[in-house]
Amino acid sequence: MNALLTILALTLGAAVLQLSPDVPFGASALILCGVLAGAAGLIVSQVKTDKTFLVRIFVGGLLVRMFIGLLIFHFSLQDFFGGDALTYDALGLAKLQAWNGDRYAQSFVALFGGEDGGGGGWGMLYLVASVYGMIGRNMLAIQFVNAVVGAATAPVIFLCARHIFRNLRVARIAAIFVAFYPSLVLWSSQGLKDGPIVFLLAVSMLATLRLGEQFNVKYLAILSCSLFALLSLRFYIFYIALAAIVTAFIIGMRAVTAQSLLRQVIIIVTLVLALTSLGVTRFAGSQLGQYADLSRIQRSRADASTSAQSGFAKDIDVSTASGALTAIPIGTIYLLFAPFPWQLASLRQSITLPEMLIWWASFPAMVLGIWFAIKYRFRQVLPILVFTFMLTIAYSLFQGNVGTAYRQRAQLLVFYFIFVAVGFVLLKERRDIKRLQQQRLAARQSNVRATARPSSSNI
């Protein structure tokens with residue numbers, strides 16, 4: 001396996017140099033990717049549990065993402081798969097120019113709304129500008145950075161699943177899904193913010209799970225930084241994640257004792273102080289005032305549902321409480337299951353069918369896994385349950401477009417796949433038990449027949 005991964009990596013590296021417009025362009029992207037991947041691989045290799053599997057799953061996931069990213073870059077498919085990548089490229093370059101004193105570029109960036117934290121995605125501008133400041137304008141390098149981040153998400157989910165369920169098979173299945181599921185690969189192989197968001201969510205949940213077990217300054221710092229980075233990328237996910245994490249600490253992820261209660265209070269207070277020192281309260285004032293309004297959500301949803309042929313539930317008005325409650329069921333169905341077969345009217349929609357078949361077939365296992373988690377691991381899985389529930393409800397309210405719902409589902413899939421893995425393992429164990437019972441029954445029946453058969457000495 002190691003030899004195969006090495007051959008694939010060398011072949012892909014050669015393809016990058018061959019297909020890039022010029023050699024330094026591809027080489028700089030490869031060097032940056034190699035440095036980041038080496039650092040991530042070193043961290044992954046420090047994991048004591050099943051580290052060989054984790055390193056292989058990381059490298060395999062990275063190579064797949066680099067390959068898809070190279071195809072998208074070489075054939076200029078950014079507009080087809082994710083036009084936001086072009087926006088971040090232009091705005092990131094403008095941000096770099098603004099840092100260098102270009103006032104026109106500064107005003108151009110200000111139109112994006114990210115200078116005061118009031119808009120969304122300003123952290124992505126900083127990421128792109130930082131990379132461009134090191135190696136020059138290079139969209140392929142941004143894609144490879146996201147590829148590393150996306151591939152690193154699989155080991156993090158492995159650790160989350162392992163921590164909650166203490167089952168190696170569950171952790172492995174969840175990691176494999178995250179590493180190779182098509183939409184998760186697609187969104188993390190482009191210059192989009194989806195890959196970093198999913199990674200930061202996974203890291204935040206892992207840090208929360210570890211802190212729920214014991215106080216650790218390292219994980220508290222990781223949690224604080226991850227949450228702030230989420231705020232810079234997609235602010236409403238930050239608030240949902242923060243609410244889920246605080247709820248989990250208040251209820252407790254282990255049996256409540258005086259010591260654990262004191263630990264949870266210290267963690268919450270320290271987390272709030274850390275986020276406040278990072279300027280979260282300044283951002284919150286403008287963001288909550290602008291976006292925590294059903295009428296604004298309705299305008300955004302209406303635009304999404306009418307701006308493309310893939311819009312749905314165009315007649316629903318979520319600006320009222322009754323309308324919002326009406327939108328949740330149909331919005332949840334579309335968020336979880338769209339696009340449906342009768343909606344595959346274009347090539348971009350049709351290529352989603354294979355993975356949708358996998359997802360639809362996996363859904364019953366997910367339901368079984370959630371039932372098991374609630375019944376036997378409720379406290380341990382609480383932050384993930386609360387977060388996925390809240391984000392599912394939020395997206396069901398303001399998503400009115402099948403394509404957008406399909407894309408945003410990736411932020412939930414990484415956690416859904418943990419429950420899918422639990423369901424698969426439960427179903428396999430049930431089949432194994434049933435097969436063992438049948439074998440024992442057959443053996444007993446065979447013994448009974450052998451005992452009842454008359455021997456030759458009695459004839």
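In what follows, every heavy atom counts, from backbone to side chain, and hydrogens, waters and symmetry copies are set aside.
Between I245 and the options I240, I268, L223, a side chain to side chain contact (heavy atoms under 4.5 Å, CB included) holds for only L223.
Taking 4.5 Å as the limit, some side-chain heavy atom of T49 sits within range of a side-chain heavy atom of L168. Side-chain contact between Y219 and I222 is present, with at least one heavy-atom pair separated by less than 4.5 Å. Using a 4.5 Å cut-off on side-chain heavy atoms (C-beta onward), S188 and T153 make no contact. Residues L336 and W360 form no side-chain contact, since every pair of their non-hydrogen atoms from C-beta on lies 4.5 Å or further apart. For the pair F378 and L385, the minimum side-chain heavy-atom distance is below 4.5 Å. P339 places a side-chain heavy atom less than 4.5 Å from the side chain of Y406. Taking the side chain as every heavy atom from C-beta outward, V269 and V265 approach each other to under 4.5 Å. Side-chain contact between F238 and S232 is absent, with no heavy atoms from C-beta onward closer than 4.5 Å.
Although no hydrogens or angles enter the test, the distance criterion places no donor-acceptor pair under 3.5 Å between the side chain of S446 and the main chain of A442. No donor-acceptor pair under 3.5 Å is formed between the side chain of H163 and the backbone N or O of L206. R263 places a side-chain N or O within 3.5 Å of a backbone atom of G212 that can act as its donor or acceptor partner. Distance alone, capped at 3.5 Å, is enough to place a donor-acceptor pair between the R379 side chain and the I251 backbone. Q190 places a side-chain N or O within donor-acceptor distance of the main-chain N or O of L186, the cut-off being under 3.5 Å.
Remark: the N146 side chain and the R65 side chain contain no N/O donor-acceptor pair separated by less than 3.5 Å. Side-chain contact annotation: E355 with S183, donor-acceptor N/O pair under 3.5 Å present. Residues Q445 and R440 have side chains that never bring a donor and an acceptor to within less than 3.5 angstrom of each other.
Summarising the geometry, atom CZ belonging to R162 is positioned 15.5 Å from atom CD1 belonging to I157; distances are rounded to the nearest 0.5 Å. Going from atom CD1 of I142 over to atom CE of M124 covers 6.0 Å, rounded to the nearest 0.5 Å. In this structure, I237 CD1 and S204 OG are separated by 10.5 Å, a value rounded to the nearest 0.5 Å. For the atom pair CZ (F249) and CD1 (I266), the distance works out to 12.0 Å, reported to the nearest 0.5 Å. In this structure, CD in Q143 is found 7.0 Å from OG in S189, a value given to the nearest 0.5 Å. We find the CG-CG distance between N138 and D89 to be 9.5 Å, quoted to the nearest 0.5 Å.
For R444, there are no side chain to side chain donor-acceptor pair (under 3.5 Å) partners at least two apart in sequence or on another chain.
Figure legend: cation-pi geometry between R172 and F53, with NZ or CZ positioned under 6.0 Å from the six-membered ring centre and within 45° of its axis.
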Could you go step by step and tell me if I43 and Q46 meet the side chain to side chain contact (heavy atoms under 4.5 Å, CB included) rule? CA-CA 5 Å; I43 295 173; Q46 301 304 309; 5.5 Å; no
How far apart are the C-alpha atoms of F165 and Y376, what are their side-chain angles, what is the distance that settles it, and do they pass the ring-ring contact (aromatic ring centres under 6.0 Å, His included) test? CA-CA 9 Å; F165 296 101; Y376 298 105; over 10 Å; no
Given the rule in the side chain to side chain contact (heavy atoms under 4.5 Å, CB included) test, do F372 and L368 qualify, once you have shown the distances and angles that lead to the verdict? CA-CA 6 Å; F372 179 88; L368 178 60; 5.7 Å; no
Using side chain to side chain contact (heavy atoms under 4.5 Å, CB included), reason through L413 and W359 one step at a time and then give a plain yes or no. CA-CA 10 Å; L413 280 177; W359 170 239; 3.8 Å; yes
Check step by step if side chain to side chain contact (heavy atoms under 4.5 Å, CB included) holds for L127 and K193. CA-CA 10 Å; L127 173 62; K193 59 186 179 181; over 6 Å; no
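Of all the heavy atoms in Y181 and M356, the pair that sits closest is OH-N, 4.4 Å. The two atoms that bring A405 and L335 nearest to each other are O-CD1, 3.7 Å, heavy atoms only. When all heavy atoms of Y88 and G191 are compared, the pair lying nearest together is CD1-O, 3.6 Å. The two residues I267 and L211 come nearest to each other via the heavy atoms CD1-O, 3.6 Å. Summarising the geometry of L17 relative to G26, their closest heavy-atom pair is CD2-C, 4.1 Å, with the distance given to 0.1 Å. Contact detail for M390 and A243: the closest heavy-atom pair is CE-CB, 3.8 Å.
For Q438, the CD atom sits in a packed shell: over 12 heavy atoms of surrounding residues, nucleotides or ligands are nearer than 6.0 Å. Annotation: R377, atom CZ; neighbour count of heavy atoms from other residues, nucleotides and ligands within 6.0 Å is above 12.
Between F80 and F75, the distance from one ring center to the other does not fall under 6.0 angstrom. With ring centers used as reference points, F340 lies under 6.0 Å from Y334.
Taking a cutoff of 4.0 Å between a charged side-chain nitrogen and a carboxylate oxygen, R56 and D50 do not qualify as a salt bridge.
Here side-chain hydrogen bond (donor to acceptor under 3.5 Å, both in side chains) pairs that include residues 67-81, with residues two or more places apart or in two chains, number zero.
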